[in-house]
Amino acid sequence: MIKRQVLCLSLAAVTLACGGVDSSVLPGEDAAPGADGSVVGVDGGLADGSTKADSAFGGPSICTTMEPVVMAPATMGGAVAVTVDLAAGGCVIAPDFAGSNYEAFPGWGADTSMSAFQRDAFANAGTQLFRFPGGEPAEWFDLLMTGKCADNSNSNWNSPAYAALWSFAQSANVHSLMLQTNPTPQYCGTGSQDSSGSRAAALANDVKAHQVKAVYEIGNEPDISKYFGANGGQSAYIDKFIEQANAIHGVDPAAEVYGPATCGLGANCSFPASWDSGWIGAFLGRTGNLAAGPGKGSASGVSFHVYWHPEWGYSDLKEAKVDKYGFALYWENTVTPYLRAQIAKYDSRPLPIVISEISVGNGIANDASQAQNAFTVLETLDIVGAFARSGLRSFQWFDANAAGPSDYWMMTNTQARPIYYSFALWSHMGTVALDAAANVAAHDVASYATRKDDGSLQVLLVNKTSSSHDVTLTFKGANVAGRKLVVHTVAPGTPGSDTSVSILYDGVADPAPSALPAGTSTTAPASPVLSLPAYSAAVALFSP
């Protein structure tokens, strides 16, 4: 037995309390999963992060995961125990996993300055992918346009060219782009936009010529599109998807092409599986590899959007039988298995799933402004952790550089919005998801763990309750005693309030993206104990 190690150190919003009992291995052991613990992804991705085949997304995230077990609710102020198992889990987290929409139209409120402020902010938030032109602009955009619009403005109403965005993305350490092609004739020029397969092939050739790391998505929300609503609906969109996807694959057989980019799994942009609109099934029925006809195998994966609806009094959450802190569990336990079953009906490949737009707002029903707050930060972290653990290929938050219909953006042109700190905290996580099991309900205190190829470990804890909790960490397959431990935290500026609009990041109120604190360092005991204040989160980073 390892003797109990005592360490009590204040860490901004989190206190590293007196360390607990020993881990399950002897001192000096740092066991990694053996062959029997390796998890192989769809195209050879292994739990150690290696892959047999690379892609713009860097390899698969589809794997076997352990869903959180339903436990008893956390008691007010009660102690919590979390066990991280290095032999369980194994989802490879793609290097483009955490992305955001980069909206193209300045006239719609987007900041397309690609300024030094944006560059540093995206880099420090760990942004890994830009979806461009970022939502609805895709149905009015020509990615190859270089001329003037009908109103004499520059191409695409003064939007940046995708190649220019790629240069900027590289300067911000962004790994790749998701380029949305336009399946409609709508655009800013005279006549009709060329939505043919030939135009899509020309784009794929241009992407290769500019050496852009990119995947493709055809269109945006055709299920609520005015154009498709008046011009053939679902069938017409799928026809156009097949035409463009086949053309892109003709240029680059390895290219990833996603659809149907619907507004939700359900109708009216809703997410409950019980409200499935049938769009994804109809899409895969013609584009999966079990389909007959020209679309057979043309879809590289499935994409759709996730939004909550405060204007409905959160009837979508009610349908899912969860409250505002229950979505992450619903995603892992209900939506992911449902989607996997739907995909298996139409495709023998475990196709990757992409959420190309998502935003959850501030958790206040019937609040039109949806001004971001501490809830926004915590729920975003919880959802991102659930996405990683469930094997989601990637997500693109809506959005990076424009307010959107409500207060959705990560940053203004001069400062970070609260949700920015969710991404800054997540950026410290690793590349392989591990199992992290708590002895209380994940609805109350959520736990996620990852590792990196260098053997370092990362644990994310999210306290979604109105009381503080001491959380003891133990590890199966690793001994963290003596390792360097760095802790980063987020907490409400108003203690105990998840409606606080000010956020403490490592104890500093609303820090600038270029001046994020460095966290607090110490030496880890065998079983560290973190004290989480009400409505707070922490990432504990253990060196190799």
*Which pairs pass salt bridge (Lys or Arg N to Asp or Glu O under 4.0 Å) with one or both residues in residues 374-388, sequence neighbours excluded?*
Asp382-Lys464
*Quick one: which residue pairs count as a ring-ring contact (aromatic ring centres under 6.0 Å, His included) with a foot in residues 313-333, not counting sequence neighbours?*
Phe271-Phe327, Phe271-Tyr330, Trp308-Phe327, Tyr325-Phe375, Trp331-Phe387
_side-chain hydrogen bond (donor to acceptor under 3.5 Å, both in side chains): pairs with one or both residues in residues 507-517, sequence neighbours excluded_ = Ser502-Asp510
*Could you note down all residue pairs passing ring-ring contact (aromatic ring centres under 6.0 Å, His included) where residues 500-539 supplies at least one of them, sequence neighbours left out?*
Tyr421-Tyr505
*Quick one: side chain to side chain contact (heavy atoms under 4.5 Å, CB included) partners of Ala437, sequence neighbours excluded?*
Asp435
*Which residues pass the salt bridge (charged side-chain N to carboxylate O under 4.0 Å, His left out) test with Asp498, sequence neighbours left out?*
Lys324
*Apply side chain to side chain contact (heavy atoms under 4.5 Å, CB included) to Asn413 and list each qualifying residue two or more places apart in sequence or on a separate chain.*
Asp111
_Per the salt bridge (Lys or Arg N to Asp or Glu O under 4.0 Å) rule, what does the pair list look like for residues 523-538, sequence neighbours excluded?_
none
*Name all pairs fulfilling the salt bridge (Lys or Arg N to Asp or Glu O under 4.0 Å) condition that reach into residues 351-378, sequence neighbours left out, sorted by first residue then second.*
Arg131-Glu357
*Would you please name every residue forming a ring pair (Phe, Tyr, Trp, His ring centres under 6.0 Å) with Trp312, sequence neighbours left out?*
His309
*asked:* If the condition is salt bridge (charged side-chain N to carboxylate O under 4.0 Å, His left out), which residues does Asp223 pass it with, not counting sequence neighbours?
replied: none
_Just to verify, what does Ala449 make a side chain to side chain contact (heavy atoms under 4.5 Å, CB included) with, not counting sequence neighbours?_
Val84, Leu434, Ala436, Val459
